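Owing to the predicted nature of the structure, the values given are computational and were not obtained by experimental measurement. Numbers for residues simply follow the sequence, beginning at 1.
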Amino acid sequence: MEVGANCRVLDQPRFICAAMGFQKSKEPSSVFRNGSFYRKPHRNFGCKAILQDFQVPVEKKKIDVVDELSSLVALSPLDGRYWGKVKDLAPYLSEYGLIFYRVLVEIKWLLKLSQIPEIVEVPRFSEDASAFLQGLIDNFCEDDALEIKSIEKVTNHDVKAVEYFLKQRCQSHPEISKVLEFFHFSCTSEDINNLAHGLMLKESLENVVLPFMDKLTNAISTMAKDNAHIPILCRTHGQPASPSTLGKEMAIFAVRLSRERLEVSKVKIMGKFAGAVGNYNAHLVAYPNVNWPKVAEEFVNSLDLSFNPYVTQIETHDYMARLFFTIVRYNNILIDFDRDIWGYISLGYFKQITKAGEIGSSTMPHKVNPIDFENSEGNLGVANGALAQLSEKLPISRWQRDLTDSTVIRNMGVGLGHSLLAYKSTLQGIGKLQVNESRINDDLDQSWEVLAEPIQTVMRRYGVPEPYEKLKELTRGKTVTKESIRRFIEGLEIPKEAKTNLLDLTPQSYVGAAVELARDVDMALNLVNRGELF
């Protein structure tokens, strides 16, 4: 794939170029990035005509060719169309992230070995050696990841490629070069991988996913408080029902989402480090006097992960099933929210702020569609499909392990990526909403039949016979007006004070404790976060 002489790549990481198959080149017709040219031969990519269409001269229009091409040919929309909205997850859940955390685990294990007195072959490292090793973690970059991928082309083994990379990097250090064979000591690949995957999940949740869950809760609880006083007609089975307030209906979702967010944060990310089949077999042959289960527990805990002592070759992934199913529950609640807001927009209860230049329909110019909530709902469905598959598959592995988990677990970013995309879409949609109080009041004014419930309840209190049946006869399947309701109340044989209270009732005022429930939403959220409201 040749790119025109006067096309440039702007602000695109080099590892993306390599991932697309671009090769370093000095030819002037290549793509330039960070002092290096990249090209890709036609024979490796079958879209020469497409490329030619995007060869826009720099002086006419600056265009990031690789961004355009990757968006066009990416198999996943997360890596193409939606990249800008989900890229915050890439440092953690991408191939780059996996490689980085493998490097971190391998180095931390070597450092741990140097702290075990019985392993005299690996003396405690000097400050200089420790700083050198830590520098390999702190300064890890895209070029390092690419180098590991190049080694993998030879080894055809991704974890072994990391080991060889570290040995090469440490050959020049006089102290570390003496213990190179203690990289990956007594480890099976899954010792490294399971901890890397645990760190990928932990960091992506703490730094990206949970903060956006919090933003959603805050946005919806703000809707609850701001609209605590606005009465709305409820609908059960799609039919008019006793009124509530818009704020109270939003508060329900804030509390529900907050509960599941707490459950997500409570899942312990587990790790194992027990060798080929979970028994420290090789460890104990090499150093029988070392308490390897204790060492493994200390090492796993040092990475801020929880230790799982009962494992096969792999960590059993039960915590992943628990985590992903909890996120599915959270996502299902958000789908419920998206659909409710969609319905309220359809009823006219909300207007949407329009954006200059935006088009709602290719043929109907008037349309302002609830696209953000529809986008969110669709992506939550995709996310739940991926997360449910992970939850169902990962805990199952034949005997001491098979490889089916390896290919499946690479899709963590799919489930969490589509979840993040949905969260951002919902937040964007919330930001466009404007309450249409006049439309809400119109609905209430046309629904005086909802007062049948409080009237028959008061009639029961004062011993009026067959109150339910009398209200059913008055209201069911009939047009009910303010006047017909008032005539019925005035004819009741109940105390004067009770009759006055009923005559003062309107669909707008018959909201029970909804206003208070909405205004107290922050108190409810605090109870949830303390584990007192479940």
- Query: Any side-chain donor-acceptor pair under 3.5 Å between Glu263 and Thr326?
  - Reply: no
- Message: For Lys478, I'd like to know if atom NZ has over 12 heavy atoms of other residues, nucleotides or ligands within 6.0 Å.
- Response: yes
- Sub-6.0 Å ring centroid separation between Tyr96 and Tyr101: no
- In this structure, CG of Leu257 is separated from CZ of Phe337 (nearest 0.5 Å) by 8.0 Å
- Polar side chain donor-acceptor pair, Ser438 to Asn436, under 3.5 angstrom: yes
- Query: Do Gln239 and Arg235 get their side chains close enough for a donor-acceptor pair, meaning under 3.5 Å?
  - Reply: no
- Query: Is atom CD of Glu469 surrounded by more than 12 heavy atoms (other residues, nucleotides or ligands) closer than 6.0 Å?
  - Reply: yes
- Task: Determine the sole option in Val515, Val511, Val435 for which the side-chain contact (heavy atoms from CB on, under 4.5 Å) test with Ile230 is passed.
- Result: Val435
- Query: If we ignore angles and hydrogens, is there a donor and acceptor under 3.5 Å between the side chains of Asp522 and Asn526?
  - Reply: no
- Where do Ile314 and His317 land on the side-chain contact (heavy atoms from CB on, under 4.5 Å) test, with the steps shown first? CA-CA 8 Å; Ile314 63 174; His317 302 320; 4.0 Å; yes
- Short N-O contact, Asp443 and Arg439, less than 4.0 angstrom: yes
- Item | Lys85 to Tyr82, cation-pi by 6.0 Å centre distance and 45° axis angle | no
- Task: Could you grab the distance from atom CG of Asp214 to atom CG of Asn529, nearest 0.5 Å is fine?
- Result: 8.0 Å
- Query: So, does Asn411 use its side chain to make a donor-acceptor pair with the main chain of Val408 at under 3.5 Å?
  - Reply: yes
- Please assess Ser419 against Leu387 for the test side-chain contact (heavy atoms from CB on, under 4.5 Å), listing each intermediate value before the final yes or no. CA-CA 10 Å; Ser419 296; Leu387 294 171; 4.0 Å; yes
- Do we see a donor-acceptor contact under 3.5 Å between the side chains of Gln508 and Asp445? yes
- Item | With Gln456, the side-chain contact (heavy atoms from CB on, under 4.5 Å) member among Leu471, Thr475, Leu451, Val464 | Leu471
- Out of curiosity, Lys272 NZ to Glu315 CD, how far, rounded to the nearest 0.5 Å? 9.0 Å
- After noting the C-alpha distance and the side-chain angles of Asn332 and Val328, does the key distance pass the side-chain contact (heavy atoms from CB on, under 4.5 Å) rule? CA-CA 6 Å; Asn332 280 336; Val328 167; 3.8 Å; yes
- Minimum side-chain heavy-atom gap Pro231-Ile440 below 4.5 Å: no
- Distance (rounded to the nearest 0.5 Å) between Gln352 CD and Asp372 CG: 7.5 Å
- Could you verify whether a donor N or O on one side chain and an acceptor N or O on the other, from Asn207 and Glu203, lie under 3.5 Å apart? yes
- Query: Checking side-chain contact (heavy atoms from CB on, under 4.5 Å) for the pair Met412/Met200: CA distance, chi angles, key distance, verdict?
  - Reply: CA-CA 9 Å; Met412 294 190 301; Met200 292 165 71; 4.2 Å; yes
- Message: Less than 3.5 Å apart, any donor N or O on the side chain of Ser376 or Thr426 sitting next to an acceptor on the other?
- Response: yes
- Are a donor atom and an acceptor atom from the side chains of Tyr319 and Asn308 found within less than 3.5 Å of each other? no
